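First the proteins, then the strands, lettered A, B, ... as listed; each starts at 1. This is a predicted model, so every value here is computed, not measured.
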Amino acid sequence: MEGLAVLAVACVLAAACEREEVRSYRVAKEVPVPGGAMGATGAASSGVVSGGSADGTGGGSMAERRPEAEAEVAWVLPAGWKDVPSEQPMRLATFDADGIEVALSAFPGSVGGDLANVNRWRGQLGLAPIGQAQLEPTLARRRVGGSDVATLVIEGSDGQAMLAAIVVPGDGKTWFVKSMLDAAKVGAMRPGFDAFADSIQRGAGSGSGMGGTGGPASAEAASSNRALDTAASTLPAGSIDAALRAFVPPAHWTVESQSGGIVAAAYSASNGGGGARITATSLSGDGGGDLANINRWRGQLGLSPAATLGEVGAIDLGIGDAGTITVDLANAEGSDRMIASIVRAGGETWFFKLRGAVAGVEAERGEFATFVRAVARAGGGR
Amino acid sequence: LNAIRPALRSLASLRLTVVLFVLSMVLILAGTLAQTQQGIWLVVDEYFRSILVLIPFQLFVPEKIVRLPGVFPFPGGLTLGVLLFANLLAAHAVRFKPSWKRTGMILTHAGVLLLLVGEFVTGAFAKEGNMTIAEGASSNYIEDRRTCELVVVDQSDPTDDLVVSVPRGMLEDPDTTISHGLLPFTVRVAEWMPNSRLLGPMQASQAQIAKATAGIGRQVAASPVAVSTGVDGADVDIPAAYIELMRGDASLGTYLVTPWLTMAQEVDVGGKRYAIALRFERNYRPYTISLIDFRHDRFVGTQVARNFSSQVRLVDPTRGVDREVLISMNNPLRYEGETFYQASFAPDDSGTVLQVVRNPGWLLPYISCTVVTLGMLVHFGVRMWESTRRRLA
C-alpha cells in the first residue's frame, strides 16, 4: 500500500515533466484533394471526385473528357462507348460499351497491391484467392506512355467473367477499370477495353487550361487560391457587404480602388486569356427583376432582349443554391463575354459579374464561382 | 514499516479526507466558472490535470460589481487526486482491519481507486483528434485541433516529404527565436495570436499588411481575437503568427502563417525550396481511410437530420487489411486501439469529419462503477443480513 502511494506521487512528478521538442518524420507525398480545401478549417470542398463534370459533350478526345476533379489524368473513350450517369459509390465514371457496363475508379496509393485487389475481385466471383506466383501469369503488364497498365480476365464458375485493368499513371493513385460480362463476350470486348485502359494517362497538369481554371502560376497564387476556397467557411456570417470586405481574392486578382456608388467590390484578373474584371454590385429590393437586368446586360453585349427567363441562357455555375440565376453571355463577334449571377440576401439583390475577353473569362470561371459561392453563402444569399 | 507508520497515520486521517473533498469541490466550482472565460480544454489542463493552479479572485465576483485583481494558488486536480488516492490507500494500510464484514466497503473503495487511476490514465495517455475526408479522397493522419505545429517541409524527395515540426509550446513566447539542426533557417516569432481572424485585402489596414514582407501575408492579414470559452459554442481556436525566417544574419522575410491558410507557402533557402505552414497538429497513421460515400439523411419534408453515415474503405498495407466499413452515429469503427466516431460533416455534405479517440483507459470507468456498485450491494446486503438476524434472535 505504501509503495502504491509513493508510485502515485512519482506519477505526478513524471506528468509534470513533459517537454515539447522539435521532431521530424517522413511522410508519403500528399495527393491533393481535387479542387478542394476541406482542410484544417473544414472549408468547403468544391469539385471533389463525385462532383467532377465533363466539359465536353461526349467521348473522343482528351480535351473533351477531362473531369475538373481529376484534371491531372485524362482518358479517351473508344468508339461506341458512352458516358452514363451512375450513383454507384467509389466510381469516378461509368461507361456503356455496347450494352456492357464499365466502371472507372481511383484510389490513392497502391490500395493494398495488385494481389489484394485481384483476390477481392475473385471473391466477388466466388473464387478462392490465389498467391503471387499464380497472379503474375494472369496479368498482361505493359508500359504505355507514362502509365503502368496491367489487365486481366477472371472467369467465374457461372459463365460470368470480369475484365479488369489496374493503371498507375503516376498521379499518386491507382486507377481501376472493371467490367462484368458474359465470358463469351470477353474476346469482342477486350480490344476496346485494353485501348481504354492504355489511354488513361497523366495530362499536362492543371495549368494547361483544359477544363481547369488556368491553374495557379506560382505557389503564392496557389496559397491564395486555397485561401479563396477557405473563405467559403471563414467569412463572417451576416451581410454580403461584410463578407465582401473579409473576402480574400486570389493572388492574380487586383483590388480596384472603389469609386463608390453601388459597386461594392471590383477586381481585375490578369491571366493568359486577356484578363477579366469581376464586380459585385447591389440594389435594394428585387433590383428591377431578373429578366430586366439580364436584358440590360444582353444589350451591353449587343444582343437582342429575351422575352422570358427561359430564353436567357441560364447556366449552372456550380454554386449550388447560393445563386438564384446565372447567365453566360457573349457578343456576336465572340470578343466580349459576361458571366453574371444574381443573388438575393437581406432585402437586397446582388449582381456578381465576370466580364472580359472570352478566354479571359473562361480562365476565371472557377475562381468566380468560388467567389460568388463564398460571399453569397456567408451573406445568407439564396 | 513501523518507521513510516506515524506518517501513514497522518496521511490516513479522516480529517484530511474531508479537507480534500472540500478542496475538490472548490476546485470544481472554480473550474466551472473559469469555463466562462477560457476554453474547456484549457481549463481541464490548467485546473484539473495540473499540480497547482493560480485562480483569479475575479472569477468569483462579476467585474461590474467590483474589480478584484490578483490570483491565489490552489492545489490542482492532479495533486488532489493523488492525495485522495494516497489517503485512501493509507487508510486501508493502517486503519481498516480486513474482515469479511468489510468486503463491501473494500470493494467500494477499490472501485473509487480504480476511478482515480482511470482519470490519470485518460489524462496522461488519451489522444483525441479529427480525421477530415472529402468524398472520394483519403486521409492517413489525425488532426488535433486543440494544438498546432509549425511545419517546415522538404519536398525535394520524389516519394517522401521530410517534415520538421515545431510544437506550439515553442512558438507562444513573444520574440522567441527557434533554431534546430533539422531546420534550414532560424525562426523568430514576431507575433503570436492564440486565436485569430483572417482579414482580406479590403479589410486589413496598411499597417496590418505591412507586418509580413513575404508570402500570402502581403495581401491578407490576421488579427487577434479572444480565445473561445467553454460557454460560447466555439470549440476551436485558430492561431496565427508572424514569423521571421533568418539564414545567418540575413532575413528571408516575415511570413504570416495560420491554419486559416490551408496550403503551405514556399520559402527559397539557398536555391532549395521548403514549404512552411502553421497547421493543426497532425499524427500520421500507417493506414489510409478513403471516404466512398457520405450520407446525411433527413426526415422527409424537413431539414431535421435523421442519420449521418460514412461508407469508408480502410486500407492498411502493414497488416494486409483492405475492407469497407460503414461508420454511423453510435456505430463507430474500432481499429488499432482507436475509435472513429461520426462527428461532423463538411459543407454541402461533401465530406465527413470523424472524431478519432485513443484512450487506453476507456474501460476503467465502467469497471470501477461496476465494482463500486457491487461493493455497495455487498455492504448493504451484509448490514441488512445482520439487522435481520438481530431481530430474529
Item to complete: Among the options V153(B), V315(B), T159(B), D316(B), pick out the one with the most heavy-atom pairs lying under 4.5 Å from chain A.
Response: T159(B)

Practice prompt. For residues R282(B) and R23(A), report the shortest heavy-atom separation together with the two atoms involved.
Written response: O-NH2, 3.3 Å

Worksheet item: By a 4.5 Å heavy-atom criterion (distance strictly below it), what part of T288(B) contacts chain A: side chain, backbone, both, or neither?
Response: neither

Item to complete: Let me know which of L182(B), V152(B), V151(B), L183(B) forms a side chain to side chain contact (heavy atoms under 4.5 Å, CB included) with S24(A).
Response: L182(B)

Worksheet item: If you count heavy-atom pairs under 4.5 Å between each of L116(B), L162(B), V164(B), V163(B) and chain A, which one has the most?
Response: V163(B)

Discussion item. So, taking the atom named CG in D160(B) and the one named OH in Y25(A), what distance separates them when rounded to the nearest 0.5 Å?
Written reply: 13.0 Å

Worksheet item: Does CZ belonging to F125(B) count more than 12 external heavy atoms closer than 6.0 Å?
Response: no

Item to complete: Check each atom of Q155(B) against the heavy atoms of chain A and say whether the ones under 4.5 Å are side chain, backbone, both or neither.
Response: both

Practice prompt. Measure distances from D157(B) to the heavy atoms of chain A and classify the residue's part below 4.5 Å as side chain, backbone, both or neither.
Written response: both

Worksheet item: More than 12 foreign heavy atoms under 6.0 Å from CZ of R295(B): is that the case here?
Response: no

